[in-house]
Each structure stands twice: as structure tokens, then as C-alpha cells.
Amino acid sequence: FRSSVDIVKSCTISRDLSRGKEIHSQVSAGRHCRNRYLNNLLVEMYGKCGETEQARRVFDTIRNPNLFSWNNVLIAYAQNGKLREAQNMLEKMPQRDSVSWTVVLSAYAASGHFEKAELLFNEMPEKDDFAWNTMVSAYAGGGFLEEADSVLKAMPYKGPVACTTMIGAYTQAGHIEKATEIFDTMPHRDVISWNAMLVAHAENGDLLKSEQLFDQMPERSLSSWNAMLAACAQHEDLDKARDLFERMPQRNILSWNTMIQACIEAGNFERASALFRMMPVQDTVSWTTMITGYSREGCIDVARRLFDAMPERDIATWNAMVGSYTASGQLAEAQRLFDRMHVHDVITWTALLAGYAQAGQMETAESIFYRLPGKN
RNA sequence: AACUGUGCCUGUA
């Protein structure tokens, strides 16, 4: 039993649907097939893997669903953008708690329905910290900084989550003074708040302030080290980056990727590719970083060889490769890759559009612009 | 008893 639980949980975390299905059929055939706890976990697993229908099917087999069961299907709907179903569910549930409300609120905000989110928030019988934080995050994520700030102001306790959300939002908007003000006046700072503020200064071009924060902070997580490393990379300070990288208490794949990026920003491709080969395991980010590095250096054929050699490509990889060709005026090859892609996003389209515009083919560029879905 | 919701770090124009 215990091991089934662990397997389902790990499938949820790694979004491993095929292994999830396997364990599901094993569970169904075993003597714990009616166990509510295990079935709740299965509902969650299917929901997180995007399989709303499966989640619902498992839920329907549960004899006496508890609040966890209900919330888990609700989350499956909400987090997969099935707003109508989620809303329905919320209304029909025999009991609902703050989690139920918050989940739907968050889903509305994620799809741009801020009025509905606000309405739900006001309807909530009792608002816990999560609900408040989610409302702040809803507005902040939509770029409504004033609304987010007024929710923050109304909060009974302005905890580190809500404040850090605001720091991030102000950073993105380029309002470093606002971010600083929040950071300086917030009642409690945790390591994540420190990290966010460190990033804020780096984004603002102030490496010195980032370093000061890094030195002052009461404790440092792996993310703190990675963020500081990224700050050095951004500012093309390879010496500082290397020194940090050597001193880090632990490294994960982000640390390696960031260090490679630091080398590339500083123009040291030798070092970048040495690190690339040296790292314990490369992911698509590592490969894409190298591809972009080489193509910026003008070595598009090397970039293409990496592209063809890598085990798996995601959309950013394809975009990088298309962008390499458009940037170097090889429109035909860019178009060929574009046509081979299964999914295009705004970045893909923009790259192609820019390529045609650059080449003076304005009619083609314009027609791409008009066909472009979800323009920003 | 164990299962659910919010904020930080890497690549693509």
C-alpha cells in the first residue's frame, strides 16, 4: 500500500502519465482498489497530468468522497482551464472550504477573468492567507499592480508570500523603488523574499546591490546561489560567476545551465562547451543555451549539428533554431524548420516575422502579422 | 495518521 502511494505521488510530481496509468491499473486490480486515500491521490495525479476526464472517472468510483476527493476533481477542472465545470462543481459540492474557493478564484484569474475572481473572493465566507495571497497574485499576474497593491493593503497580515508576489510584479514592471519599499517595510522576510529582492536589483542593473543582499541574507538556499549566479551572468562578470560556482554548497541542473550561460554571455565558448560536456546530465535548456550561443557567434552550422544531435527538443529549442536562421538571413531554412514544427507560439511567429521584415519582404511579414494568433 | 490551493533561481524573438 505504502509503495503504491509513493508511486502515485511521484507520478504526480513528475507528471508521468504513462507510469500513472500503470500504477492505476495495478491498484484497481489489487485489494486497495476501494481505498479512498489512494483514489484521491489518483484523481490528483490525473488532474495534474491534464487528464480531466480520467480524474473525473476515478472520482466517480469513490463511494464516500470526502472534501479531499471533491477538491481534487475541482482542481483537475480548474487547473486545466475548464472553468464552467469548475464553477459547477464548486456550486454542487456538498461542502466546500477555503481551498475549493481559492482554486476556482485562481483559475479565473489565470484565464483573465479578474472580475469573476474578485467576485468569488468577496463571496468567500472566510478568507485564509492562501485566499488573500491568491488574490494578490491574481492581480499582479495580470499586470494590475494598483489593484494588487490595494488587496495587499487590505490584508490583515501582510505575510512574505503576498509581499514577495508584489516584489516580483514591481520588478517585472521596472519599479525598483516600489519593490524596495515593500521589501524594507514587510513584517517578515523569508529566504524567498530575499531571493526575489536580489533578482530585482540584478534586473535593475545593480549587481552591487544584489551582492550586498546575497552577503547579508540570514540564510541562503540553492535558489539564492543560482539567482546570484544568474545576476553575474547577466552582467557578464565571468570571474565572479566562476568563483560563486566553485563555492556553491550544492549544484543542480539550473546551476550548471546558468554557469554555461555566464560563459556564453562573456564570450567564452570554450569554457561553455567544456561545462556542457562536464555536467552530470544535460537537459533541453542546456542544449538550447549552447545552440543560441553558437548561433550568436555566427556558427550556425555548429548550432544546427547540436540541434540535430540532441535527444529531445522543446518549443524553445525550435524557436532558437528558427531565430538563428532568420537572424542570419537564411529565410528558406527558417521557413523549412517552421513548417516542421508541430506547435508555434508568439515567439516562433515573431522570429519569422522579424526575419521577413529584416529582408525587406514586407508583404510576407505583414501577412504573418495578421495571421498571428494571440498578438501582444 | 497519510492526500488538495498562493510567492523566488537557467534557455528561445
Side-chain angles (χ1 to χ4, degrees), chain A residues 1-2 5 8-9 12 36-45 47-48 66-76 78-79 97-107 109 128-138 140-141 159-169 171 190-200 202 221-231 233 252-262 264 283-293 295 314-324 326-327 345-355:
Chain A
F1 177 72
R2 200 64 243 175
V5 166
V8 179
K9 281 186 186 175
T12 305
R36 184 172 62 191
Y37 169 56
L38 202 42
N39 278 290
N40 288 348
L41 289 178
L42 285 168
V43 172
E44 187 200 4
M45 185 276 295
K48 289 274 156 54
N66 61 6
L67 193 49
F68 285 110
S69 325
W70 283 97
N71 280 342
N72 285 347
V73 235
L74 180 67
I75 290 165
Q79 294 188 343
D97 65 359
S98 178
V99 173
S100 332
W101 289 91
T102 307
V103 153
V104 180
L105 189 164
S106 181
D128 62 6
D129 290 346
F130 275 94
W132 283 96
N133 294 340
T134 303
M135 199 60 230
V136 171
S137 163
V161 173
C163 293
T164 305
T165 302
M166 290 308 297
I167 292 175
T171 303
D190 62 13
V191 65
I192 299 185
S193 335
W194 283 89
N195 294 347
M197 198 60 226
L198 187 162
V199 170
S221 63
L222 180 51
S223 295
S224 320
W225 286 88
N226 286 341
M228 192 63 237
L229 196 58
N252 61 7
I253 195 155
L254 266 70
S255 325
W256 285 90
N257 288 341
T258 309
M259 191 60 221
I260 291 175
Q261 178 68 14
I264 287 176
D283 64 5
T284 54
V285 175
S286 331
W287 286 90
T288 306
T289 307
M290 294 302 296
I291 288 171
T292 309
S295 85
D314 65 13
I315 189 156
T317 320
W318 284 90
N319 289 345
M321 205 61 238
V322 170
S324 307
T326 55
D345 62 10
V346 194
I347 298 181
T348 329
W349 286 99
T350 308
L352 197 66
L353 188 155

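Proteins get letters first, then strands, A, B, ... in listed order; numbering begins at 1 in each.
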Which whole-number value in Å describes the distance from A:N319 CG to B:U12 P? 10 Å
Considering only side-chain heavy atoms of A:V161, which listed nucleotide, B:G5, B:G11, B:U6, is closest? B:U6
For A:N133 and B:G7, give me the distance from atom CG to atom C1', rounded to whole Å. 8 Å
Quick one: label A:D190 by what it contacts on the DNA or RNA (base, sugar-phosphate, nothing), any heavy atom closer than 4.0 Å. base
Does any donor-acceptor pair link the side chain of A:N72 with the base of B:U4 at a separation under 3.5 Å? no
So does A:N40 get a backbone contact from the side chain of A:N72, meaning a donor-acceptor N/O pair under 3.5 Å? yes
In this structure, which stretches of RNA chain B are paired as stems of three or more consecutive Watson-Crick or G-U pairs, both distances less than 3.5 Å? none
Quick check for you: among B:A13, B:G11, B:G5, whose closest atom lies nearest to any side-chain atom of A:Q261? B:G11
Counting heavy atoms from C-beta on, name the nucleotide in B:C3, B:C9, B:G11 closest to the side chain of A:E44. B:C3
Intermediate values then yes/no, side-chain hydrogen bond (donor to acceptor under 3.5 Å, both in side chains), A:N226 and A:N195: CA-CA 10 Å; A:N226 286 341; A:N195 294 347; over 6 Å; no
Provide, to the nearest angstrom, the distance between the CG atom belonging to A:L41 and the P atom belonging to B:C3. 8 Å
Would you mind classifying the nucleic acid contact of A:S193 as base, sugar-phosphate or nothing, using non-hydrogen atoms under 4.0 angstrom? base
Where do A:I75 and A:E44 land on the side-chain contact (heavy atoms from CB on, under 4.5 Å) test, with the steps shown first? CA-CA 8 Å; A:I75 290 165; A:E44 187 200 4; over 6 Å; no
Report which part of the nucleic acid A:S223 touches: base, sugar-phosphate, or nothing (heavy-atom distance under 4.0 Å, all strands). base
Any idea which of B:G5, B:A13, B:G11 is nearest the A:V103 side chain? B:G5
Would you please test A:T258 and A:S255 for side-chain hydrogen bond (donor to acceptor under 3.5 Å, both in side chains) and show each step? CA-CA 5 Å; A:T258 309; A:S255 325; over 6 Å; no
So does A:T288 reach the base of B:G11 with its side chain, donor to acceptor, closer than 3.5 Å? yes
Nearest whole Å is fine: how far is B:U4 P from A:N39 CG? 16 Å
Please determine whether side-chain contact (heavy atoms from CB on, under 4.5 Å) holds for the pair A:N257 and A:L254, giving the CA-CA distance in whole Å, both sets of side-chain angles, and the decisive distance to 0.1 Å. CA-CA 5 Å; A:N257 288 341; A:L254 266 70; 5.7 Å; no
May I ask you to say what A:T258 touches in the nucleic acid, namely base, sugar-phosphate or nothing, with a heavy-atom cut-off under 4.0 Å? sugar-phosphate
Find the distance between CG (A:D129) and OG1 (A:T102) and round it off to the nearest 0.5 Å. 10.5 Å
Which of the following nucleotides, B:G5, B:A2, B:U6, is nearest to the side chain of A:I75? B:G5
Which nucleotide wins on minimum distance to the side chain of A:V199, given the candidates B:U4, B:C9, B:U12? B:C9
Which part of the nucleic acid does A:T284 contact within heavy-atom distance under 4.0 Å: base, sugar-phosphate only, or nothing? base
Does the A:T289 side chain pair with the main chain of A:V285, one donor and one acceptor, at a distance under 3.5 Å? yes
When rounded to whole Å, the CG to P distance for the pair A:D129 and B:G5 reads 16 Å
Between CD1 on residue A:I192 and OG on residue A:S223, distance to nearest 0.5 Å: 7.5 Å
Identify which nucleotide among B:U4, B:C9, B:A13 has an atom closest to any side-chain atom of A:K48, counting heavy atoms from C-beta outward. B:U4
Do A:D128 and B:G5 have a side chain to base donor-acceptor pair shorter than 3.5 Å? yes
For A:T102, answer base if it contacts any base atom (sugar-phosphate contacts may also be present), sugar-phosphate if it contacts only those atoms, and nothing otherwise; contact means non-hydrogen atoms under 4.0 Å. base
Please report the interatomic distance CG(A:N66) to CG(A:N71), rounded to the nearest 0.5 Å. 9.0 Å
Within the structure shown, what part of the strands sits under 4.0 Å from A:I347 by heavy-atom distance: base, sugar-phosphate, or nothing? base
If you look at every strand shown and take non-hydrogen atoms under 4.0 Å, does A:R2 touch a base, only sugar-phosphate, or nothing? sugar-phosphate
For a quick check of understanding: with a heavy-atom distance under 4.0 Å over all strands, which category does A:A131 fall into, base, sugar-phosphate or nothing? base
Distance, rounded to the nearest Å, where A:W287 contributes CH2 and B:U10 contributes C1': 17 Å
Nearest 0.5 Å, what's the CH2-OG1 distance between A:W287 and A:T284? 11.0 Å
Distance check needed: B:C3 P versus A:L42 CG, whole Å only. 15 Å
Quick check for you: among B:C9, B:C3, B:G11, whose closest atom lies nearest to any side-chain atom of A:N226? B:C9
Donor-acceptor pair present, A:D283 side chain and B:G11 base, under 3.5 Å: no
Just compare B:U6, B:C9, B:G11 and give me whichever is closest to any side-chain atom of A:S137. B:U6
Nearest to side-chain heavy atoms of A:V99, which nucleotide of B:U4, B:U10, B:C8: B:U4
Quick check: any donor-acceptor pair below 3.5 Å linking the side-chain of A:T164 to the base of B:G7? yes
Between B:C8 (C1') and A:L222 (CG): distance, integer Å: 12 Å
Between the base of B:G5 and the side chain of A:S98, is there a donor-acceptor distance below 3.5 Å? yes
Under 4.0 Å, heavy atoms only, any strand: does A:A320 hit a base, just the sugar-phosphate, or nothing? sugar-phosphate
Which part of the nucleic acid does A:D345 contact within heavy-atom distance under 4.0 Å: base, sugar-phosphate only, or nothing? nothing
